[in-house]
Amino acid sequence: MSTMKAVSYRAYGGPEVLEYGERPIPKIGPDSVLVQVKAAAVNPVDWKVRAGYLDPMMDAVFPVVPGWDVAGVVVGLGADTPEYRVGDEVIGYVREDFLSRGTFAEYVAAPVRTLARKPAGLTFEQAAGIPLAGLTAYQALKATGTGEGDTVLVHAAAGGVGTMAVQLARHLGARVIGTASEGNHEFLRSLGAEPVAYGDGLAERVRALAPEGVDVVLDLVGGGAVRTVPDVAAAAGARVVSIADPEVAGLGGRLLWVRPDSADLAELSRLAEMGVLRVEVAEVFPLARTADAHRLSEGGHVRGKVVVTVP
């Protein structure tokens, strides 16, 4: 067998450019394994990439198979991959430095540096929701040095990255205030966060909960959210990370682009096994309906993760 079922696109555009059909099974390099995909999560970056927003910074080799998150089973080994054996269940943030071979397919070639063991006790659908969102949250909290006693403001706290950030920050001993629409406030409380509505008057609502101000701000949404930092920061200032807004640099903060990291991913897997980290799966689609999964994610009101399963 030399081909597989996959979703791909031959040019940038809307969800309608996604095609379901046959693609060659990828070859694996010496430090990679071949993963049979069981589930792949949709992230906002997937449809932004598909629309061409990242074209200035990433080359594309068309046709492109989208997707960077995966949960699956190792079925082939590269020449030097002692970390894994055939049959191992894994999760991965499988991002190359160019766009071509993604995870919305029956198979993906994954460098071992992008993988970790799948958490025992989680379904493949739940596990697929961990890599990109979990690594983003974990690396943002590390970058800000979040720890015991900090008050953390998480923008878009009910989204895929936000739910991970809330749980991880609480595990680190921080108090968490999270922005979300009112329909998600009870959900945020269940994760241990104190919810506030976003929009006009946000700074006043945050100050009502934290009169002394916040120590850490995680901007997971963009759209000018970082501009409120001076109004909500503690007297000593706030450590700020944004995953969406270059303006953060002007506030002394950092624009973070999540990196594949097997050690970080292994820690997230461990925390998921412990029950510290739970994955909220919003909706599941079959591979042939990846375009519908993109449309749902693009709507911008998803609580948790949208996941595609591969039969």
Quick one, Val310 with Lys38, criterion side chain to side chain contact (heavy atoms under 4.5 Å, CB included). Give me CA distance, side-chain angles, the key distance, then yes/no. CA-CA 5 Å; Val310 182; Lys38 297 294 186 181; over 6 Å; no
Does the side chain of Met164 reach to within under 4.5 Å of the side chain of Tyr138, using non-hydrogen atoms? no
Nearest heavy-atom pair of Leu265 and Gly92: which atoms, and what distance? CD2-CA, 3.9 Å
For Arg170, does the CZ atom sit with more than 12 other heavy atoms under 6.0 Å from it, leaving out its own atoms? no
State which residues pass side-chain contact (heavy atoms from CB on, under 4.5 Å) with Val302; sequence neighbours excluded, sorted by chain then number. Ala282, Leu296, Val306
Working note: Phe187 + Leu191, criterion side chain to side chain contact (heavy atoms under 4.5 Å, CB included); need CA distance, chi angles, decisive distance, verdict. CA-CA 7 Å; Phe187 169 65; Leu191 297 179; 3.8 Å; yes
Identify whether Met274 and Leu135 are in the same connected component of the hydrophobic contact network (ILVMFWY, side-chain heavy atoms under 4.5 Å). yes
List in chain and number order the residues that pass side-chain contact (heavy atoms from CB on, under 4.5 Å) with Pro195, two or more places apart in sequence or in another chain; answer none if no residue qualifies. His185, Leu188, Arg189
Ignoring hydrogens and angles, tell me if any N or O in the side chain of Gln36 forms a donor-acceptor pair with the backbone of Glu106 under 3.5 Å. no
So do Asp59 and Val61 actually touch side chain to side chain, heavy atoms under 4.5 Å? no
How would you list, by chain and number, every residue that makes a side-chain contact (heavy atoms from CB on, under 4.5 Å) with Ala60, sequence neighbours excluded? Tyr12, Phe62, Val64, Leu99
By the definition side-chain contact (heavy atoms from CB on, under 4.5 Å), identify the one residue from Val37, Ile28, Ile25 that meets it with Val108. Val37
With sequence neighbours left out, the residues meeting salt bridge (charged side-chain N to carboxylate O under 4.0 Å, His left out) with Asp80 are none
Given the rule in the salt bridge (charged side-chain N to carboxylate O under 4.0 Å, His left out) test, do Arg227 and Asp245 qualify, once you have shown the distances and angles that lead to the verdict? CA-CA 10 Å; Arg227 294 172 197 159; Asp245 193 343; 5.4 Å; no
Following the transitive rule for hydrophobic clusters with a side-chain heavy-atom cut-off under 4.5 Å over Ile, Leu, Val, Met, Phe, Trp and Tyr, establish whether Leu277 and Leu218 coincide in one cluster. yes
Side-chain contact, heavy-atom cut-off 4.5 Å: Val45 with Leu132? yes
State the OG-CG distance between Ser242 and Leu220, to the nearest 0.5 angstrom. 8.0 Å
Grouping ILVMFWY residues whenever side-chain heavy atoms fall under 4.5 Å, the cluster of Val240 otherwise contains Leu153, Ile177, Val196, Leu202, Val206, Leu209, Val214, Val217, Val226, Val229, Val232, Val248, Leu251, Leu255
Examine distances only and state if a side-chain atom of Arg239 and a backbone atom of Thr144 form a donor-acceptor pair shorter than 3.5 Å. yes
Determine whether Glu125 and Val284 make a side-chain contact, defined as any pair of heavy atoms from C-beta on separated by less than 4.5 Å. yes
Any side-chain donor near an acceptor of the partner, Ser297 and Trp47, under 3.5 Å: yes
Between Ala128 and Ala71, which heavy-atom pair has the shortest distance, and what is it? N-CB, 3.7 Å
Is the CD atom of Glu182 crowded by more than 12 outside heavy atoms at less than 6.0 Å? no
Atom OG1 of Thr114 and atom CD of Glu96: how far apart are they, to the nearest 0.5 Å? 9.0 Å
If you take all heavy atoms of Ser269 and Lys118, which pair is closest and at what distance? OG-C, 3.7 Å
Looking at every heavy atom in both Asp231 and Arg207, which two are closest together, and how far apart are they? O-NE, 3.0 Å
Spacing of Leu122 atom CG and Glu89 atom CD [to the nearest 0.5 Å]: 11.0 Å
Same cluster (ILVMFWY, side-chain, under 4.5 Å), Leu34 and Val94: no
Please check if Leu172 and Val241 belong to a single hydrophobic cluster, counting links between Ile, Leu, Val, Met, Phe, Trp and Tyr side chain heavy atoms closer than 4.5 Å. yes
If the threshold is 4.0 Å, N to carboxylate O, is there a salt bridge linking Arg270 and Glu267? yes
Is the closest side-chain heavy-atom distance between Asp46 and Phe104 below 4.5 Å? yes
Starting at NE2 of His294, measure out to CZ of Arg289 and round the result to the nearest 0.5 Å. 13.5 Å
Asn43 vs Trp68, side chain to side chain contact (heavy atoms under 4.5 Å, CB included): CA-CA, chis, key distance, verdict: CA-CA 8 Å; Asn43 295 285; Trp68 289 336; 5.7 Å; no
Pairing of Asp88 and Arg117 as salt bridge, 4.0 angstrom limit: yes
Atom pair CZ/CZ of Arg259 and Arg95 - distance to nearest 0.5 Å: 9.0 Å
So which atom in Leu18 and which in Ala291 form the shortest heavy-atom distance, rounded to 0.1 Å? CD1-CA, 3.7 Å
When you measure from the side chain of Thr103 to the backbone of Asp69, do you find a donor-acceptor pair of N or O atoms at a distance under 3.5 Å? yes
Are side-chain heavy atoms of Tyr84 and Val112 found at a separation under 4.5 Å? yes
Can you confirm whether Ser32 sits close enough to Lys27 that some side-chain heavy atom of one is under 4.5 Å from a side-chain heavy atom of the other? no
Between Arg113 and Asp261, does any NZ, NE, NH1 or NH2 come within less than 4.0 Å of an OD or OE carboxylate oxygen? no
Looking only at the side chains, is there a donor atom on one of Thr163 and Glu280 sitting less than 3.5 Å from an acceptor on the other? no
Phe124 reachable from Val42 in the ILVMFWY side-chain graph, under 4.5 Å edges: no
Could you give me the CA-CA distance, side-chain angles and deciding distance for Gln139 and Leu256, then say whether side chain to side chain contact (heavy atoms under 4.5 Å, CB included) is met? CA-CA 8 Å; Gln139 292 172 10; Leu256 183 139; 4.2 Å; yes
Here the gap from Asn184 atom CG to Thr179 atom OG1, rounded to the nearest 0.5 Å, amounts to 10.5 Å
Step-by-step side chain to side chain donor-acceptor pair (under 3.5 Å) determination, Thr3 to Glu22: CA-CA 6 Å; Thr3 64; Glu22 299 287 330; 2.9 Å; yes
Apply side-chain contact (heavy atoms from CB on, under 4.5 Å) to Ala234 and list each qualifying residue two or more places apart in sequence or on a separate chain. Asp215
Taking all atoms of both residues into account, what is the closest heavy-atom pair of Ala105 and Ala6, and its distance? CB-CB, 3.6 Å
Check whether any side-chain heavy atom of Thr309 sits under 4.5 Å from a side-chain heavy atom of Leu287, and report yes or no. no
With a cut-off of under 6.0 Å to the ring centre and 45° to the axis, is Arg50 in cation-pi contact with Tyr9? no
